[in-house]
Structures are given as structure tokens and as C-alpha cells.
Amino acid sequence: QYSIMFTALEIGSKEAHVGAVFQFMALGAVFGAIFGMLSLMEARTGTLKSRVFYGLERSNRGLSMPFLVFCLLGMALPFSMAFVGEDILFHAIIEHYPILGIGVLVSAAFNGINLYRLQATMFGGENAEFSAIKVAFKRRHRVALGLLAIFVMGMGLWPKALLHTLAHLN
């Protein structure tokens with residue numbers, strides 16, 4: 001995803017800069033939430049490995065849904081801030097470098113595949129060793145994730161305020 005943003009910054013157009021700022025803000029919030037949830041899981045399960053299906057969904061339903069939501073937001077779920085930023089970036093890149101636009105689409109697809117894989121690895125499958133582990137997902141964690149989700153979805157549903165502010169910076 002960051003390759004898309006850096007490509008847009010290299011273009012130098014105002015539209016590309018606005019899209020890159022939108023993406024940096026959205027993905028910073030989304031991946032901060034995902035890494036926070038992963039650190040909660042790692043504290044209970046030990047070192048996480050990508051080749052192991054942990055099966056944590058059965059004992060951690062309250063954590064699996066927010067994790068899924070933030071993975072979808074990281075894939076630019078429609079009406080999210082990441083979706084708006086990615087749309088602006090795609091238009092800016094395709095306008096200047098049409099062939100590079102194909103690479104941007106492939107990069108976005110790989111990002112989605114990897115986020116799905118992460119969700120499936122953590123919460124899918126059956127693993128007797130890990131499926132009974134209850135991750136400490138406290139109220140303060142839920143509040144913080146809720147505020148991040150409201151921010152990312154709110155700026156996706158009403159991007160005009162931020163777009164107007166960013167348009168006047170240059």
C-alpha cells in the first residue's frame with residue numbers, strides 16, 4: 001500500500017498529495033489497530049507464526065469481529081477513509097501513468113489477500129492448543145478501537161471537511 005502512496009507523491013499533483021495524506025491517515029489508524037490486536041493475541045499465545053492456524057475465533061468472538069472489520073477497512077472497504085484515499089490515488093496515478101495503474105491494482109489486490117490470510121490464520125481452523133485461550137480484550141481496548149473505526153468510517157462517509165482542509169494547504 002505504501003508503494004501506491006509514494007508513487008502518488010512522486011507525481012506531484014495536488015490530487016495525488018491529498019489522496020496520499022488520506023491514505024496515510026487511514027492506514028495508520030487501521031494498521032495501528034490491527035497491530036494492537038495482534039500484540040494482545042501474542043501476549044497470550046506467545047510468538048505468532050504465519051504457518052499456524054490458531055483457531056481463536058471460538059473463544060474470542062469479541063475480538064474476531066473488530067479484527068475482521070479493521071482488515072476490511074485496510075482493504076479499502078467502501079465508504080471508509082481508505083476507500084476515498086485509494087480512489088483519489090488511483091485517479092491521480094492513472095491520469096499520469098496509465099500502465100502503472102495496473103501495478104497499483106495488483107498491489108491493492110495483494111494487500112487484500114494478505115489481510116484475509118492474517119484474519120484466517122488468527123481466527124480460522126481448529127487448534128486444541130490455542131482455541132481455549134481467552135485474550136484479555138478489555139473495555140478500554142474496545143473504546144479505542146471503536147473511536148478509530150468511527151474516525152475511519154466517518155471520514156469516508158463525510159470526506160468533504162478533510163478534503164477542503166487539505167485542498168487549502170498548498
Side-chain angles (χ1 to χ4, degrees), residues 1-41 50 56-57 60-124 137 141-170:
Q1 286 298 68
Y2 288 105
S3 64
I4 297 169
M5 290 181 273
F6 291 131
T7 302
L9 288 174
E10 188 65 31
I11 290 171
S13 73
K14 193 172 198 173
E15 181 183 43
H17 286 176
V18 169
V21 169
F22 243 74
Q23 277 294 86
F24 273 119
M25 291 173 66
L27 294 181
V30 166
F31 287 112
I34 289 173
F35 292 142
M37 288 184 275
L38 284 172
S39 67
L40 283 174
M41 289 183 264
S50 64
L56 294 173
E57 198 268 332
N60 295 285
R61 292 192 193 279
L63 185 60
S64 66
M65 281 310 292
F67 197 86
L68 176 63
V69 166
F70 277 100
C71 283
L72 290 172
L73 289 173
M75 289 184 250
L77 180 71
F79 306 112
S80 71
M81 190 177 183
F83 180 78
V84 172
E86 203 162 283
D87 183 52
I88 295 169
L89 286 176
F90 283 160
H91 286 290
I93 291 171
I94 290 172
E95 184 178 310
H96 290 83
Y97 304 107
I99 301 297
L100 189 60
I102 295 168
V104 169
L105 292 173
V106 170
S107 171
F110 279 127
N111 180 51
I113 290 167
N114 285 325
L115 284 171
Y116 172 75
R117 224 178 110 218
L118 180 63
Q119 168 72 22
T121 300
M122 297 312 303
F123 296 101
F137 190 55
H141 301 132
R142 288 191 294 271
V143 168
L145 291 175
L147 290 173
L148 283 173
I150 288 170
F151 171 71
V152 173
M153 289 303 295
M155 284 295 155
L157 291 170
W158 297 283
K160 188 175 183 176
L162 188 57
L163 286 173
H164 182 71
T165 303
L166 292 174
H168 287 35
L169 288 179
N170 287 342

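Computed from a predicted structure; not experimentally measured.
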Test log, rule side-chain contact (heavy atoms from CB on, under 4.5 Å), inputs Leu63 and Met41: CA-CA 9 Å; Leu63 185 60; Met41 289 183 264; 3.8 Å; yes
Residue pair [X] / [Y]: nearest heavy atoms and the distance that separates them:
X	Y	value
Pro66	Leu145	CB-CD1, 4.2 Å
Met153	Pro78	CE-O, 4.3 Å
Ile94	Gly101	CG1-CA, 3.9 Å
Gly85	Phe22	CA-CB, 3.7 Å
Ala8	His17	O-CD2, 4.4 Å

Separation of [Y] [atom2] from [X] [atom1] (nearest 0.5 Å):
X	Y	atom1	atom2	answer
Ser107	Glu86	OG	CD	8.5 Å
Lys14	Ile88	NZ	CD1	12.5 Å
Cys71	Asn114	SG	CG	10.5 Å
Asn60	Phe137	CG	CZ	9.5 Å
Leu72	Tyr116	CG	OH	11.0 Å

- line: Here the ring pair (Phe, Tyr, Trp, His ring centres under 6.0 Å) pairs for residues 61-87, sequence neighbours left out, are Phe67-Phe123
field: Residue pairs fulfilling side chain to side chain donor-acceptor pair (under 3.5 Å) with at least one residue in residues 92-101, sequence neighbours excluded
entry: none
field: CZ/Phe151: more than 12 non-hydrogen atoms of other groups inside 6.0 Å
entry: yes
- request: Please lay out, stage by stage, how Leu100 and Thr7 fare under the test side-chain contact (heavy atoms from CB on, under 4.5 Å).
  value: CA-CA 9 Å; Leu100 189 60; Thr7 302; 3.3 Å; yes
message: Just so I know, are the side chains of Met81 and Leu73 near enough to count as touching, which here means a heavy-atom distance under 4.5 Å?
response: no
- request: Give a yes or no on whether the backbone of Arg117 and the side-chain of Thr121 come within a donor-acceptor separation of less than 3.5 Å.
  value: yes
Would you mind writing out the side-chain donor-acceptor pairs for residues 25-36 within the sub-3.5 Å range, not counting sequence neighbours?
none

task: Begin with the C-alpha distance, continue with both residues' side-chain angles, and end with the deciding distance and a verdict on side-chain contact (heavy atoms from CB on, under 4.5 Å) for Met122 and Leu38.
output: CA-CA 9 Å; Met122 297 312 303; Leu38 284 172; 4.1 Å; yes
- prompt: Going through the distances and angles, do Met155 and Val84 end up as a side-chain contact (heavy atoms from CB on, under 4.5 Å)?
  reply: CA-CA 9 Å; Met155 284 295 155; Val84 172; over 6 Å; no
